[in-house]
Amino acid sequence: MSLWYPSRLSTGPPGPNTPITMQSQYEPSAVEAEAQAFWTDRQAFAVKEDPSRPSYYCLCMFPYPSGRLHMGHVRNYTIGDVITRFLRMQGYNVLQPMGWDAFGLPAENAAMKNGVPPARWTYENIAYMKRQLQSLGFALDWDRELATCQPEYYRWNQWLFLKMLEKGIAYRKTGIVNWDPIDQTVLANEQVIDGRGWRTGALVEKREIPMYYLRITAYAPDLLDALNDMPGWPERVRAMQANWIGRSEGVRLSFPYELQGEQRLLSVFTTRADTIMGVTFVAVAAEHPLATYAAQSNPQLAAFIEECKLGTEQEAEIAQMEKKGMPTGLFVKHPISGEPVPVWVGNYVLMTYGEGAVMGVPAHDERDFAFALKYGLPIKQVIEPAASNAHRRALRDGVAQSNDTVRDPIRPEDRHVLEGGIAKFSVAEWQSWYGEYGVLINSGKYDGLEHAAAIDAIAADLSAKGYGEKHVQWRLRDWGISRQRYWGCPIPLIHCPKCDVVPVPEQDLPVVLPEGLVPDGSGNPLNKTPSFLDCKCPRCGGPARRETDTMDTFVDSSWYFLRFASAKNDKAMVDERANYWSPVNQYIGGIEHAILHLLYARFWTRVMHDMGLVKVKEPFQNLLTQGMVLNDIYSRRTGEGAIEYFNPVDVNVQVDAKGARVGATLNSDGKPVEWEGMRTMSKSKNNGVDPTKLVEQYGADSVRLFMMFKAPPEDTLEWSDDGVEGASRFMRRLWRMVHEHVTAGLVSGKVSGELTDEQRNVRRAAHSTLQKVTDDLGRRRVFNTAIAAVMEFMNTLSKFEDQTPQGRAVRQEALEFVVQMLSPIVPHAGHVLWQALGHTDPLIDHSWPQPDAAALVRDSIDVVIQVNGKLRSQVTVEASATEQQIREAALADATVQKWIEGKPVRKVIVVKGKLVNVVV
RNA sequence: GCGAAAGUGGCGGAACUGGUAGACGCGCUGGAUUUAGGUUCCAGUGGGUAACCCCGUGAGGGUUCGAGUCCCUCCUUUCGCACCA
């Protein structure tokens, strides 16, 4: 239903100077209803593969259907929509799909709270959130919608998992999980609070259970190398991924020992083999076989090991907890000196990284130092650190000469103190040693060698003895995908008492997850569901039991973008259409996914590529990581340490005469509340903003405009109601400007003939604004500066009052530019204003305008003049002025003369078209 | 702890390639319109100073004719750390 021109789009253009009746008031709800109805009726954003046109795949990370859209979603999808609409106007065949990351823990938590099956909760959330998305006017192809909890989707997880199993990419081994002994259930990390189960408060135990892993480590070198060839990704994301994959070159070496009459080896990996003569102990993980052996005859040690096993597996916590250890009483032999080295159990040694054992060199490693100091272990210096940063870097990079002098050596009197046990030296002294490269001392035949040469020599000797070799170690671990939970994709395996683990045959896929179950917190409900559990062994036909573990939800999100491109194919996981659309040209989502999701998707795509399913290997060509949305937090202490949080809309902020914040009070009682700064919107801090209410109050366009204007896409965005108000004010201003113009009669925007100076200036501003906005939206992908440029131009245009036919033509062209430039951001208003300006073609099908080079030409340029680098004056010169002419004009300027009076001019620097610097 | 990033007016930000610091907006101040509030419009708004000018981009050094931008040291804040998604 159209409120303004019921038949405009079918009856052709009005004649020149036809009086126009346009609603004088901007009513966003009516405008948005009309534009959305128009797009829906035409299925304007459903796209087909068309090899004759350049394709563009613009994708935002699909949401978890948590119940309601939050402002982070709105920001994410608005960025994607602006890019989509801009590129569509540039002539691309643009795919922008949407779906739902529908499996996951929150649905189970909701089920426990409300007794509603996760499936129902999820589908209701999807329905609600879909309406919210539609109200924001995103140019989405809803024909390709998918939810990962649908069997039509997850059957292909299962299918590919079985293929991976065949190829050895998927395999079974044991892994450690958090076990709640009261609820008899496995907990996620976020369900463990201070080492206790979130519901039961029971001390959480670690359990080893069989799980399935995907061999992502086999792809580690390729995943790392390819990062160098991904210019469309932010540097920091590539750096984070590279660190995560963590390639490190070093030496794997072994400490021989005798146990129960047998010769064995204790292996460690180190990047600092040059410090090997400084080893004074070896630490092993609590789970290490040597620790287990020693504990058999040592109850104290056994107790300590149990304590370690209770501890966290989380890297962040391990790194920050107190380093504790206990001697095993066992000794191994130093692989070079043959001297006995004590073996300790350390709570900071991870079984899952490397060999589960580390060599301790207290003099040159911070953690080892802390450990040695605490337990009175010897500290032996074996590296003389280089004095200067430059020299240190040179040593590290292997470019230092071996005869480079080492300045500022440790004084000999400091040295001997260290060799006899607990050191009596200052930590400041010692700190200059650790983590540094230098020249070896106290290392026998290796004395005098520098870092790289020392490692070479030591590795060669170890290799000759069979005690070690150079080795490349990766930090990346294989991807454990088993989850002992209900609401996920079933792992398609069957346990047969006779045949062990048997894959579900391909023709029996999908293994459908029963949707009616309600988890109650005591383990996976699938284990109590015989209709799911009981089955026949596909191999022997005997009674068997179905696997009840489900897959990590990162599996679902590792290939959904390929499925969007192969939507609704019930015969295959993906098809030729995926090759038309992929890679995703622009991927947009939160920085919090910088490592895991993006790395898993890169891995999964490579696996599909290697199986010949898709041509693409690297799934995301360009990546934009949008920042978070923050809001103020207001609170009040309510005695007994309890804190009550108040929503910012209920708070009145007091400011001083300059507008600086001086305090805040609660609207309802007028009493002060405390401002705790700005944080991400959350329920617990009561600082959320409901997108639906905002759309009702201001309209989707104002909300979109505010979010794009407030901050660059990658930065955090601070919510402000005043800011949305400002965006709304701008929309009314835009509306009024077009209204005033068109009610005076329509004119053509084709400008020809002689223009006055003012007309030329306005026209130049219009075209240069268009040039800037095109660059900002396209190459730079920043929207706040594009909007600012349009605002600035509108300030110019509002001062232009020329009502001559020529002046009105200039204004018509300018307003058409404004509406077009803003239309990716405020598409509803754009749609209606475009018609108001007399156009019969819908704006979404109109191509993006091109600036006219002739309109951009300037006759004169303002040149800034500095004297000794300080701004002193300004002159206007002809655009064609030579460097010599600019210099003369600058020196002739009266103000400049005053500043250089009596001083000889030493130098004059001329930056063409911009600036002159006179040095006196 | 390790890894990654960011610090510019009262606030969000702009300055893209080393070249006029503070565009644009919010807030604030004064004025016009209005019965009033709101809306709208006009003017002003980094600090110091009577003024000329001086000082100013987290702190301190450096390179340069010229530094928010490049280099070094330090401080603060935010994000990630493998079962939240």
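Not measured: the values here are computed from a predicted model. A note on names: the letters A, B, ... follow the listed sequences, proteins ahead of strands, and every chain is numbered from 1.
- With hydrogens and angles ignored, no donor-acceptor pair closer than 3.5 Å exists between the side chain of Arg661(A) and the base of C11(B).
- Leu476(A) comes within contact range of at least one nucleobase, with a heavy-atom separation under 4.0 Å.
- Nucleotides C53(B) and A36(B), compared at atom P, are 45 Å apart to the nearest Å.
- In this structure, Arg780(A) reaches the A15(B) phosphate: one of its side-chain N or O atoms is under 4.0 Å from OP1 or OP2.
- For Ala788(A), the listed nucleotide lying nearest its side chain is C24(B); candidates were C24(B), G3(B), C84(B).
- Ring to ring, Phe103(A) and Tyr154(A) are close: their centroids are under 6.0 angstrom apart.
- OP1 and OP2 of C16(B) both lie 4.0 Å or more from every side-chain N or O belonging to Arg779(A).
- Using a 4.0 Å heavy-atom criterion, one finds that Thr553(A) contacts the sugar-phosphate atoms exclusively.
- Using a 4.0 Å heavy-atom criterion, one finds that His593(A) contacts the bases of the nucleic acid, with or without backbone contacts as well.
- Gln484(A) comes within contact range of at least one nucleobase, with a heavy-atom separation under 4.0 Å.
- In this structure, Arg732(A) does not reach the C41(B) phosphate: none of its side-chain N or O atoms is under 4.0 Å from OP1 or OP2.
- Note on Val177(A): a base of the nucleic acid sits closer than 4.0 angstrom, heavy atoms only.
- Atoms CE (Met628(A)) and P (A5(B)) sit 16 Å apart, rounded to a whole Å.
- Closest to the side chain of Lys870(A), out of A85(B), C55(B), C65(B), is C55(B).
- Figure legend: Arg872(A) and Trp899(A) shown as a cation-pi pair, the cationic atom lying under 6.0 angstrom from the six-membered ring centre and within 45 degrees of its axis.
- In the set C81(B), U20(B), C83(B), the nucleotide with an atom closest to the side chain of Val864(A) is U20(B).
- Listed candidates were C53(B), A14(B), U20(B). Nearest to the side chain of Leu915(A) is U20(B).
- Met211(A) comes within 4.0 angstrom of a base, heavy atoms only.
- Not counting sequence neighbours, the partners of Gln654(A) by the side chain to side chain donor-acceptor pair (under 3.5 Å) test are Thr665(A).
- Rounded to a whole angstrom, the distance from the P atom of G80(B) to that of A43(B) is 46 Å.
- Here Asn917(A) lies in heavy-atom contact (under 4.0 Å) with a base.
- Note on Arg679(A): a side-chain N or O is less than 4.0 Å away from OP1 or OP2 of U78(B).
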Q | Phe62(A)/Tyr560(A) under ring pair (Phe, Tyr, Trp, His ring centres under 6.0 Å): CA gap, chis, key distance, verdict | A | CA-CA 9 Å; Phe62(A) 64 165; Tyr560(A) 73 108; 3.7 Å; yes
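- Counting any heavy atom pair closer than 4.0 Å across all strands shown, Gln866(A) reaches a base atom.
- At the heavy-atom level, Asp862(A) lies nowhere under 4.0 Å from the strands shown.
- In this structure, of G3(B), G10(B), A85(B), it is G3(B) that holds the atom nearest to the side chain of Asn243(A).
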